[in-house]
Structure formats: structure tokens, C-alpha cells
Amino acid sequence: MAWGKEPQMFTGDQLTSLLTESETCADVLDFLVTKERQQTELTLSRPGLAPDYVIQMVLVLLKASQCKTNEVGVIDLLTILVGSKFFMCELVATSSTFTWHTEGEDALRFIDNLVEILHQVHQLLPNLFNNAFSLIIILKKKTEDILMTSTEEQRQRFVKLSEKLSEMRDNVMKVLVSCPQDDPRFPFERQAPPDDFRNIPILPRVVDIFLRSRGSFLRKNKSRGGYDDLNHYLDVQFRLLREDCICPLREGITQYVQETSTGCHVRQLQNGRLYRNVIVKKHGHYLEEELFQVTLDSQHAQKINWKSSKRLLHGSLLCFSADNFHTMEFAVVESPDRQMLAVSYIFPAIFPTFTEIQLNTKYTMVESSAFFESYRHVLEGLQSIEKLPLEQYIVDCKNSMNPPRYLQNDSSKYDLEPIASDRLLTTALDTERKTENNLQVRLHDPMSQWPTADVLHLDQSQYVAYHAALTQEFVLIQGPPGTGKTHVGIQIVKTLLHNKNGWSQPSKTEEAGLLTTRLLGKNSDQKNNQLLVVCFTNHALDQFLEGIVGCFEGENKELLQNEIVRVGNQCKNPTIDPFSLKYHKKDLHCDYTKLAKLKKTATQLHTQLLTIYFSLRNLQTTILEFEILRPAMSQRHANAFVCDTPHASSQKLYQWLQAGKGPWIKKASQAYKKSLKTTKQPKHDHANRQTAVNQDFIDTEADKAEEERRIDDDDLHLATHVKIGLDIKEEIQNILKPKHEYMPQIDDALKSFLKQEADITLSKLCSVNMMRAMEVKSLRGSLNKLKLERRWRLYRFWVDTYKKMQLEKMPHVEKEHLQIMKDYKKEKKESDARIFKKSTVIAMTTTGAAQHLMADVRYRVDSYYRVVIHVVWLAIQWTDNIPHINARQYVLRLALMVILVINHVTSGSYATVKKL
């Protein structure tokens, strides 16, 4: 198919050649979308095509769309087709005239081919399927017309086609009915969603990467007016947030594909990070998922300063492809060891949608610049929401403000004496102290009947904010730095803690069933409300909590141990650290609980599985240590290696096989001395000798970024690597390091002899020559009397026996491990719930809330929002960075507070703290 490169329509001969058996579906697809893309686009844009030409073009398009090995190319081709004049005009015109002038069989084949293409469009491009409405109607009508004159056999096939077209028509009608007047700038604004957002996978799909913005179903974030209902609100936020997460990865992959298709060598991506010649290996299990080991190309990786680089941090999203991104696999970086990454260029990753990742294959890998981990928790949370707290304000934009729902009755009173006297609280339940009547206020009384701002030691703007926060259900407080927002917040919390009996018990409104979710889980018997404090950063959270703790007298601060729970493991403040969730677990004596036992069992099973995986995968590069190999030995043979310690036993085994430092250096030195007698000693090239680099990985920029991404309090730290024996390649590298303790001066000749000894050991590991069972049984006397070759044959027999034992054992251990991890996760949630149950104040960052509140934990945020200082609504709180999609077009830059102000939701509940 070597035709001219000038853009022109395909000729009939060209189309005919594409339909021959010698051209596969993949060949035709590659020709249309890659080799002759301009010619394809030109052909599909030409009007007035002859019916015979249209028929032939349909056959070519159908053949290309049936390619099963390049879904990306099929999506690309169908996207070109659906937006073309050929699809919108020529197919409609040909369908109207062609079927009248053809035999029934020809008409049947033509309609059948079109229906098959329409089915592909519906499956892969559901958002663009509306463009097929005219064609579907025409085909449906013509099918019914021809049905009357067709044969009995043809009639049955036409009936099936008619049923398919009816179903397609109904699907399009459902969408079209909901969008009578679409704005061309926002084609989906009035349309019903093509699918349920709760069923959309969080990870990208191939179709998400190559649809680009032409087919993504996105509706803008509303700045004026309410949403139709909760599902409308959640759908808009979910799709915008998911698109914002996927967009950088899509742009990076698209740039790579486009530039490589034109013969360019891509050095750097504008969005994302590019890695070539990446190899993936099976690694084992981590929690409930399979873990893989990813090895970077050393020539590229050694140029990166891993000490300060923020590449490949925990939670980074990766895309792998071995065929120029025709097919893709997505993965997430899992707890990388920065030191191993800097030295060995290896890191662990999880493939959540793993199907058939090809091991030991060289991949091209793209790392997204968006922090996937924070997106994932929020997206999962949005999918799980069934009832949204404060829905009437956030979704419906109602501006009539209700009093707090947590108040027990309309005559609830608060004692403001600690604020007026500026005294410290004695305990968290300091409610029995008698105060002057003018300092006890009814929350429903007007502000004029409250103590004045001077009495409460507040300026006027702080006083308005303080009053609003205690008397209204939803309040936004804003102000420039230095205006006392944090001070007002602490006074609000101090007032609530002092008057805990007035709100800690569920009110009649809550007990009536209006609020159904709880922080402590569905099965909790907790009856008390709690305060939830959410701040944007760990530093802000610790600073605010320090202010709360400072409200209590020194001798009573220990009483707060069970009152305040700080969620998250990034506390750097020694004053607040004792309130962390991990310390509460210690107070519950977790060492004797079911959770501790499950953790111990899970760790043991994980180590056992990891040992099996590593040993089976490295049999040809590693001599297994004695304790691993011992079950495969007879008792007499095992006794020959038993020493005081496992390490000594393994060393005895290595010496017996004449492998490792000692034997290698001894043999290499002998060969080296012999070589000196016949050749001149080479000069030492000290200039080329590498110098050892002292890598200091403590408190590096990368480690700090890594820590910030970890938001879990879980103290179950599962190993990702385990030592299984003498790794030959690693051992020889250690020996050849400059100024080695065994050989301070190593020249090139001696290095060569040492490498030869290591290679000999590797060849013995790779050999398949082993003893048979009968020969092993017939062995008499000491194993040390065996010649070296027989020793290795006996070792291979032990390894073969061990391999068979582990392959039989592994499925049972994997099953037990997965079940234990499920039990552990369940028990951990219940253990956390028991801690929350005893607390009064629960504090976390927005990132922690994304995981704990929106994903795993049921919460009662209506009751807590009274004291959420620094309110951030997670559904539209994007990331620290500027949104990746068009922020102005989709109204992403407007904060929730601004949107609520625009819609007058906060009228009467919007307080500005001003500078004096």
C-alpha cells in the first residue's frame, strides 16, 4: 500500500485492496488512523459520494473497527467518523436511496454493517451517540419497508435488525428529551448523564485517555442557582474532579504518541514524566492486592537526583504500555523505599485493574503530574454518598437559615462565663458552675439580649461571627490575616465544650431520623454528638488544637486524653502528639486485643508469602539460606549445617558450595598471582575509580513530600522486600566496591577473576543437572567428602524439592492471608470506632477527611459543622495546584464560600472579621 502522500480521497482500488484477506483488521486500522490519517479525514469530509463508494467505505470502516488488539485506534477512528460529514450526511442520504434500488440481500448486508458500526459507537463513544439519531431513524424506517418484500429467511434477520435499531433509537430519545436547547459551548449541559457516575471506575480507562475533550461528558460547576437534586450535584462534581485528575496523564500520553508517530524522539513531556525501558516483575501481596516490582532503566534513572526529586512518590498514578500506547495498564506507586530507588532504581507498584501484565517486558511508562491518591479518596467518597449534610444550602442554595439541629430544644441555654471571665476550663464537662444570669443566654434570643462584645473580650466583627456560629446551622467566617479568625474559632469551641450537656445528646430532630449517618459506624451504640475540626494543613490543625488544649488548666489537661482524638500520623507538635489516634490505641492495650493478634498473624503470613515469591523467582540468581531450604533436606543432611545461629548455618552452606566472598577471593587471588608471573601488572587507573557517595536520606525534600502523602494511622507496616539467601549479583557488586575491607586494592585484572568466579556460581545455579531421589538416599558418610560437582547436584535436588513443596502450599497461604487482611481491616475500623466513641473532639486535615470521612467512615457532619473551623467542602476542593481542565469554562476557581454568597445562601450567616 505505497500510495502518494498528497492529501486526496481514497480511490476505489485503494478501498478494494484494504478489503482483501491479506490485509488484517489491524493493518486496515493502522492505515486509516496513522499512515494515511489526512487522507481518511479528507475522504470522510467530502460531500456527494456515490452509493457504491459509500458501501465500500462502510465495509472498510467496519473491518477496521473490528480490530481487537488496538482499542485506542478504534476509538480514534470512530471519533473521526462520528464528527464527519460522511456520518452525518452521506450515510443518511445513501440509506434513503440505496435500499430502494438493491436486492434484499444487498440491503440486508448494508444495514447490518451500519448497525454493527453504530453498536461500536454506542459502546465506545456513548457521549457522541446522539449524532447517530437521524441515521437510526432512516435505517429503522427502511428496515420496516423492506421487511414486507423480503423472503422468509431475510425477514427473520430484518426483524432482529429492527429490534436493535429500536433499542438504539430509545436510548438516544431518552437523552434528547432532556436537552431541548443546548448551549454549543457546553453541549452536555442539559443532557442526562450517559451512565451512572457511581459505576465509573476511579482509575482511567483506555477510552478516557484517547477521547480527549471531544467526547468527555462534562457539565460546569453552577455558580448561580441550585442543582436539580443531589445526584445532579454529585454527578457534576465527580466528573469534573475525575477529568481534572486524568487530564495531565492524557495530555502527556497524547504528546508522546503524536510526536513519536511523526518520527520525533520525545525527551520530555509538558504534562507528566516519561520513563523508557521499564521492566515489571511479580513481587507478592500487599494487603489485599498484588504487588509488583518496577525497575527503571539505569541510564535514565542515574541522572535523577532521587534525594530531592518528587518523582514516584507514594500514590503517584502510572501508565504502562509496550506497544506505543495502543494498549495500556494503570498502576499506583505503593510505599517506595527512597534509598532503594536511588541505589537500585526499583520501586513497588499496585495494578488495581491487573489483567495480564507482561512480566520482564520493556515498557514505556508515563507518571501523572496530578496527585492521584487525594483524588481517589474524594472520588470514592462522592460515589458512596447517599445523603449529603447541609444539602439544602450546598445543593438547593436555599437562603433561609435554620438553628443548629443538635440543640435539644428551642429554649437551650449557653453559659458564657468562661468567655467573659477569660478563665481556663477545669474539665471538659465544666457545666455545674453557677454563674450570673446575664451570662446565661438563650440561643434563640436576639443579639441585643446577649452580653456585649466588650464583656466577651471581642471586637464587634468578632462578636458577630461568634454569635452567628453558635445560633445558626451554617455559618461562613472570613477575614484577612491577623483579624482573629483562629481566636474566634477557639472561643466557639471553648463555649461548646463548657456547655457540652446542651448539645452532646441527640436532639429530637436528630432522633426523628433526619440524620442517619454516624462517625462511629452503623453498629455503634454511641448516643453522643461530637465536634469535628477540619483544617487544610497539619500545621494549621496542630496550631488550632494547641489553642483548644490551652483553654484548660494545666492540672486538668491530662483529663483531655480521652476527649480529643487527632487523626493522622503527621503530627509534629509535641504538645498535640499525645492526642494522636496511635496513642489512644496504646491506651486500649492493643497488645492483648483481637486487632493485635490479627496484625501479628497478617505480618507472619505476609512474610511467609514474600519469602515464597522471592525464593521461587530468584532460584537461578540466589543460593537459598539454610532455614528456607531446611524443610527440603533429610534430617541427617540438615544436621551437617546446623550452627548456633541461622546466619552461621547459611554461611556454612555457602562455604560448602564454595560460593561467596571467602571462596571467590581465595580462588581469584590464586589465579591473579599466576597471571602476574606471565604478564606485566597493569597500572592502576585511580582517576577512573569511582568514589563512594554518602547518601543521606534523613529529612530530605522527597521524604517530607512522601510523609505528607501518607494519611493513614495504620501501624501495620508490611515488608516489601525480604532476604532469602546469597544473591550472587549483589554479592559480587559489594566485593568490587572501592576499598573493600577484604581487598583494599583491587585492580582490573583481579576484578576480572572475581567476576569469573561469580559467573561460575551463576552457571551452577542455572544448571538443571541434579541428583535423583535414589541417589540422595544412597549417600553415605560426611557431605564434606562429596566433590564440588556432586554437592551442587545435591543442592539442586533440595531446591527442586523445596519448589514443589512451596507451589503446593502457596495457594492455601494466599487464601489465608487475604482473609486475615479482610478481618484486620474490619477489626481496625471497629477499634477506631471504640476510640471515637469515647471522644468529644475529633480533628483531622482535609486530606485525612477525604479518606476517613468520605470513603470508609460514616459521619454526622450536620452536628459537627458547628465547629468545623476553616470550612472546606471536599466535593469541590480540588488540589493545591491550579485545576488542569479549563477552570474558567467549568467555573472551578470559585470557592464554595463565593458560590454561596453569590446565591445569597449566607445572607445573615456570613461574618467578616475585620482589622481594627
Side-chain angles (χ1 to χ4, degrees), residues 26 29-38 40-41 67 69-80 124 203-216 242-280 292 294-304 309-313 315-333 345 347 349 351 353 357-358 361-372 375 881 884-886:
L29 179 63
D30 184 57
F31 181 79
L32 293 179
V33 301
T34 305
K35 295 180 180 178
E36 299 295 341
R37 185 186 186 93
Q38 287 185 328
T40 302
E41 293 176 346
C67 177
T69 59
N70 187 1
E71 185 182 5
V72 171
V74 174
I75 293 171
D76 199 11
L77 176 63
L78 293 179
T79 306
I80 297 172
L124 299 176
L203 274 178
R205 301 163 295 188
V206 173
V207 66
D208 295 317
I209 298 299
F210 280 90
L211 259 186
R212 304 183 182 94
S213 59
R214 289 179 288 180
S216 298
R242 184 173 182 271
E243 174 65 17
D244 192 60
C245 175
I246 294 173
C247 185
L249 187 63
R250 179 195 295 126
E251 291 176 355
I253 294 173
T254 301
Q255 177 192 344
Y256 177 83
V257 171
Q258 289 177 347
E259 293 187 12
T260 53
S261 65
T262 59
C264 298
H265 179 72
V266 184
R267 296 183 177 273
Q268 187 175 355
L269 300 179
Q270 293 182 354
N271 245 325
R273 304 179 182 100
L274 179 65
Y275 307 82
R276 290 186 174 87
N277 301 323
V278 174
I279 296 176
V280 181
F292 292 82
V294 182
T295 305
L296 302 176
D297 178 44
S298 59
Q299 291 186 350
H300 176 217
Q302 66 185 358
K303 300 176 183 178
I304 301 171
S309 173
K310 293 185 179 180
R311 291 170 175 254
L312 300 176
L313 297 178
S316 295
L317 178 63
L318 310 174
C319 180
F320 294 79
S321 180
D323 53 7
N324 202 35
F325 294 96
H326 289 156
T327 58
M328 307 176 213
E329 292 292 344
F330 298 94
V332 180
V333 178
Y345 315 128
F347 67 93
F351 288 75
T353 59
I357 188 77
Q358 307 232 346
T361 299
K362 289 188 176 181
Y363 284 93
T364 299
M365 183 180 83
V366 174
E367 177 188 7
S368 175
S369 58
F371 177 27
F372 173 72
Y375 282 97
N881 302 320
H884 301 107
I885 56 179
N886 193 321

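When ring centroids are compared, F351 and F330 stay outside the 6.0 Å threshold.
V366 has its side chain within reach of L249: a pair of non-hydrogen atoms, C-beta onward, lies under 4.5 Å apart. Put simply, the side chain of Y363 does not reach to within 4.5 Å of the side chain of I279, judged on heavy atoms. Residues V332 and L318 fail the side-chain proximity criterion, which asks for heavy atoms closer than 4.5 Å. The shortest distance between side-chain heavy atoms of C245 and F372 falls below 4.5 Å.
Considering only residues two or more places apart in sequence or on other chains, R276 meets the salt bridge (Lys or Arg N to Asp or Glu O under 4.0 Å) condition with none of them. Residues meeting the side-chain hydrogen bond (donor to acceptor under 3.5 Å, both in side chains) test with Q302, sequence neighbours left out: none. The side-chain hydrogen bond (donor to acceptor under 3.5 Å, both in side chains) check on E71 picks up nothing, with sequence neighbours excluded. Listed by chain and number, the residues in a salt bridge (Lys or Arg N to Asp or Glu O under 4.0 Å) with E41 are R37 (sequence neighbours excluded). In terms of the side-chain contact (heavy atoms from CB on, under 4.5 Å) criterion, residue partners of T34 (sequence neighbours excluded) are, by chain and number, D30. Applying the ring-ring contact (aromatic ring centres under 6.0 Å, His included) rule to Y345 yields no partners; only residues at least two apart in sequence or on another chain are considered.
Without hydrogens or angle criteria, Q255 side chain to Q268 main chain gives a donor-acceptor distance under 3.5 Å. A donor-acceptor pair is defined here as one N or O able to donate and one able to accept, closer than 3.5 Å; no such pair exists between the side chain of S321 and the backbone of M328. Of the possible donor and acceptor atoms, one in the side chain of R242 sits under 3.5 Å from a partner among the backbone N and O of L203. Checked by atom type and distance alone, the side chain of E367 pairs as donor or acceptor with a backbone atom of L312 at under 3.5 Å.
The distance from atom OG1 of T364 to atom CG of N277, rounded to the nearest 0.5 Å, is 7.0 Å. Between the CD atom of E251 and the OG atom of S369 there is a distance of 8.0 Å, given to the nearest 0.5 Å. The CD1 atom of I246 lies 4.5 Å from the CG atom of D208; values are rounded to the nearest 0.5 Å. Here the straight-line distance linking atom NZ of K310 with atom CZ of R273 works out to 9.5 Å at 0.5 Å rounding. Note: L269 CG to L274 CG = 5.0 Å, rounded to the nearest 0.5 Å. One distance of note links CG of L32 with OG1 of T40; it measures 4.5 Å at 0.5 Å rounding.
Nearest heavy-atom pair across L296 and M365 is CD2-CE, 4.0 Å. Taking every heavy atom of both residues into account, A349 and V294 meet most closely at CB-CG2, 4.0 Å. The two residues T260 and N324 make their nearest non-hydrogen contact at OG1-OD1, 3.4 Å. Between Y375 and F371, the closest heavy-atom pair is CD1-O, 3.0 Å. The minimum heavy-atom distance between L317 and P204, with the atom names listed, is CD2-CG, 3.9 Å. The heavy-atom pair separating C319 from I253 by the smallest distance is SG-CD1, 3.6 Å.
Screening T254, I209, V257 for a side-chain contact (heavy atoms from CB on, under 4.5 Å) involving F325 leaves a single residue, V257.
A salt bridge links E243 to R250: at least one charged side-chain nitrogen sits closer than 4.0 Å to a carboxylate oxygen.
Ring pair Y275/H300 is tilted by interplanar angle, where 30° to 60° counts as tilted.
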